[in-house]
Amino acid sequence: MAGTAISPGYRYGDGAMRWSKLFIPTLRDAPADAEAASHKLLVRGGFIRQLHAGHYSLLPLGLRVHDKVENIVRQGMEEIGAQEFLLPAMHPASIWQRSGRWDSVGPEMFRLQDRKEADLALGMTHEEVFSEIAREIASYRSLPQIWYQIQWKFRDEPRPKSGLLRVREFAMKDSYSFDLDDAGLDHAFEIHREAYIRTFQRLSLDAIAVQASSGMMGGTGSVEFMVPSPAGEDDIARCAGCDYAANVERATSTLAPVDDGDASADLARFPTPGVRTIAALETVEGGAPAHRQIKTMVMVLDGAMTLALVRGDHQLNFQKLADGTRATEIRPAEAAETLERLGAHPGSLGAVGVEDLRIVADHSLRGRHSLATGANEDDWHYSGVDVDRDIAVDEWLDLREVSAGEPCVNCDRPLEVVRCIETGHIFKLGRRYSEAMGATVLDADGVERTITMGSYGIGIGRAMAAVAEVHHDDRGLVWPAAVAPYEAVITVASMRDAAAVAAAERLYGELRGQGAEVLLDDRDARAGVKFADAELVGIPWRITAGRAVADGEVELTERATGDTKRVRIEDAAARVAAALASARP
RNA sequence: CGGGACGUGGCGCAGCCAGGUAGCGCACCUGCUUUGGGAGCAGGGGGUCGCCGGUUCAAAUCCGGCCGUCCCGACCA
């Protein structure tokens, strides 16, 4: 535009939304190692490319979507008065040592050293740094505060997978609330919950708010936002009759009482050659139905072997065990360890007479008698086990995982179990970090009080992938207008058709003049290629300038439905603008 | 961490077992034709066959080690 000599090929402004000038590397074939729909389509559509496991480059189209997701999330934060920060991604070890997490989080944190051999970490979350800053809040009159950032997080996931769904480096919106007391925290938590619901609605995600385990964050309560999808990694239990919903790491249900009979039987050891499973023990002479067996899970909690007991027909939930015992590192024992300590292989294990190991048991075993379990000798089991009499249970915990169909604890209606993607998680942290960092204020009475905190996260890239998981068809992505990389594409059916080119240019100018994000597909390619690409990339509206131009018309096609209408060229811009306006948040 | 599979032009694959000048489809470049649902013909460019070592006259191919990627599992005791 200016008089400065710029090589025409590099003229930026005008070419920026012409497909022929853009880098949109679409692929006919998905990479062989992609499994999840979002992974395949984001790669095929030219949105992302993998650098290595768990690390993806955002290409121009991908960045546009990512930016839009960010901005919708940002809008939700601004609406509750949150203030945006940007903190360092790289932290000194000392700040993590002060909170105790340098040692407690383990290998999930990327650690490195600088040239002076000082320990550093790549931030996996920012409670420590934000609460360090919050030390400058000196008076209760400065509270409450809500601070947030959208920043890269680094987590050395044991298994990155499914494209953008689980990665080691990702943008997260993390916010932190600072209040004088628990009532203030409850309020901050509630307005976040509401903001998240609004935000996920704007992203066209049907997120379910569920009770959740707090995991490594600690604290007194947490809620996850779960988007139903087979590509997810979490199961939630949800009641069809009331609003009960919880991650299976926390969910409970009502259990029908078990009738063990009147009298407690005598403990008896009996031979069970070849019996290695619950099912086998059901049918053998002297055995018992699964719900009258004790399943003995040998676990190692922070290095200490522990027996976790559940009913034979129940499953142990590891997160419940970790939460209930406050263990940070938890794994099943290896067969060799088990053999050494208990004297038998898996399949013949039990807690009867075990004195030197910690024993935790699920509530469903409380007071039970006349049960069957392994005898800690291969091919031998016990019958007539009376839990109170024969097993030295150290702690009673909720350890069992709920199953679909069990009655809801609130209303007795059957629970359903749904596979979900966790797109957001909010925590009531309490005073753990503020106390460690020394973030205190003086209250109205001049008394020093520790600030109470909450922390709240949304994974930007994961939310983007979740949208792709939910909104696609066999032709490609079907982006909701709010997050689409472009709102509309004008497809010139043939670049040799001068009238069509002229109509397309006119509409392109008009729509850009209205502020629409419109892409002009001016590639010298066949119409079929352009249609297929527009559908793969998932642009909500397509305006086709082709044979209808001879009649003074263009075609307007909605990606989601495939519906096509012919409209007058002079009316087309207004029609598209109206459609876009109704879709904007 | 355990189990499985796989690494060959940008993407998808064959070749490997039975060692002998690296091939196909898509994509890319040139030309002609075609032009509303991933065009046709002709010509062309691009690959240290993941890396290191070994065996051999000769290694994508056989052997050893390493690295990387994906999937399943972290339970049914």
Side-chain angles (χ1 to χ4, degrees), chain A residues 23 25-36 39-40 43-44 46 49-55 106-107 158-163 166 233 248 272 275-282 290-291 293-300 307-322 329-339 342 344-351 372-376 378 381 399-401 403 475-476 491-497 500 521 523-536 542 544-550 554-555 557 562 564:
Chain A
F23 184 66
T26 58
L27 300 173
R28 285 180 85 144
D29 298 308
D33 52 20
E35 201 74 23
H39 185 192
K40 290 181 185 169
V43 172
R44 283 190 56 210
R49 288 292 184 264
Q50 184 182 44
L51 179 63
H52 63 140
H55 301 262
R159 183 147 94 90
K161 58 176 288 199
S162 305
R166 179 168 292 277
E233 300 182 85
V248 294
T272 50
V275 170
R276 288 289 179 279
T277 63
I278 297 281
L281 189 57
E282 284 196 286
H291 66 281
Q293 296 181 30
I294 303 169
K295 183 187 289 186
T296 307
M297 305 284 292
V298 185
M299 303 293 294
V300 179
L307 302 184
L309 312 183
V310 296
R311 227 167 76 176
D313 58 334
H314 288 164
Q315 297 188 11
L316 173 66
N317 183 287
F318 283 19
Q319 190 64 47
K320 283 187 172 182
L321 177 61
E329 207 179 317
I330 172 168
R331 64 175 174 86
E334 285 159 26
E337 299 173 277
T338 302
L339 181 63
L342 293 175
H345 291 91
S348 304
L349 302 174
T373 194
N376 289 336
D378 288 348
H381 281 77
L399 297 176
R400 75 178 174 94
E401 186 160 307
S403 296
R475 295 182 171 192
T491 302
V492 184
S494 170
M495 292 304 288
R496 309 226 172 146
D497 181 345
D521 192 349
R523 291 176 298 168
D524 185 19
R526 296 166 69 87
V529 173
K530 296 187 181 188
F531 293 153
D533 272 347
E535 285 157 355
L536 173 60
R542 187 179 84 216
T544 308
R547 54 194 170 205
V549 169
V554 291
E555 288 139 279
T557 304
T564 297

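Reminder, nothing fancy here: chain letters follow the sequence lines and each chain counts from 1. Every heavy atom of this structure was used, including side-chain atoms; hydrogens, water molecules and symmetry mates were not.
A gap of 27 Å separates the C1' atoms of B:U30 and B:C13, to the nearest Å. Nucleotides B:C26 and B:A14 place their C1' atoms 15 Å apart, quoted to the nearest Å. Only the P atoms considered, B:U56 is 16 Å distant from B:C63, to the nearest whole Å.
Across all strands shown, A:Ala493 has heavy atoms under 4.0 Å from base atoms, whether or not it also approaches the sugar-phosphate. Among the protein residues, A:Ala534 comes within range of no part of the nucleic acid, since none of its heavy atoms lies under 4.0 Å from any strand. The residue A:Glu282 sits apart from the nucleic acid: no heavy atom pair falls under 4.0 Å. Residue-level contact check: A:Asp29 touches the bases, meaning some heavy atom is under 4.0 Å from a base atom. Heavy atoms of A:Gly347 sit under 4.0 angstrom from primed sugar atoms or phosphate atoms, though from no base atom. Contact annotation for A:Pro158: base contact, defined as any heavy-atom pair under 4.0 Å involving a base atom. Across all strands, A:Thr557 comes closer than 4.0 Å to no nucleic acid atom at all (heavy-atom distances). Residue A:His345 is out of contact with every strand shown, counting any heavy-atom pair closer than 4.0 Å. Counting any heavy atom pair closer than 4.0 Å across all strands shown, A:Arg475 reaches a base atom.
Between the base of B:G10 and the side chain of A:Arg28 there is no donor-acceptor pair shorter than 3.5 Å.
Using a 4.0 Å cut-off between a side-chain N of Lys or Arg and a carboxylate O of Asp or Glu, A:Lys161 and A:Glu35 do not qualify as a salt bridge. Looking at A:Glu337 and A:Arg331, a side-chain N of the basic residue comes within less than 4.0 Å of a carboxylate O on the acidic one, giving a salt bridge.
Toward the 5' end of RNA chain B, the nearer of the two residues A:Met297 and A:Ala545, judged by each one's closest nucleotide, is A:Ala545.
Checking the phosphate oxygens (OP1, OP2) of B:C70, a side-chain nitrogen or oxygen of A:Gln50 falls inside 4.0 Å. Regarding contacts with the backbone of B:U69, every side-chain N or O of A:Lys161 stays at 4.0 angstrom or more from both OP1 and OP2. For B:C11, the OP1/OP2 oxygens have no side-chain nitrogen or oxygen of A:Arg49 closer than 4.0 Å. Considering only side-chain N and O atoms, A:Arg526 lies under 4.0 angstrom from the phosphate OP1 or OP2 of B:A39.
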Grab the N/O contacts between the protein and nucleotides 42-50 of chain B below 3.5 Å, and write none if there aren't any.
none

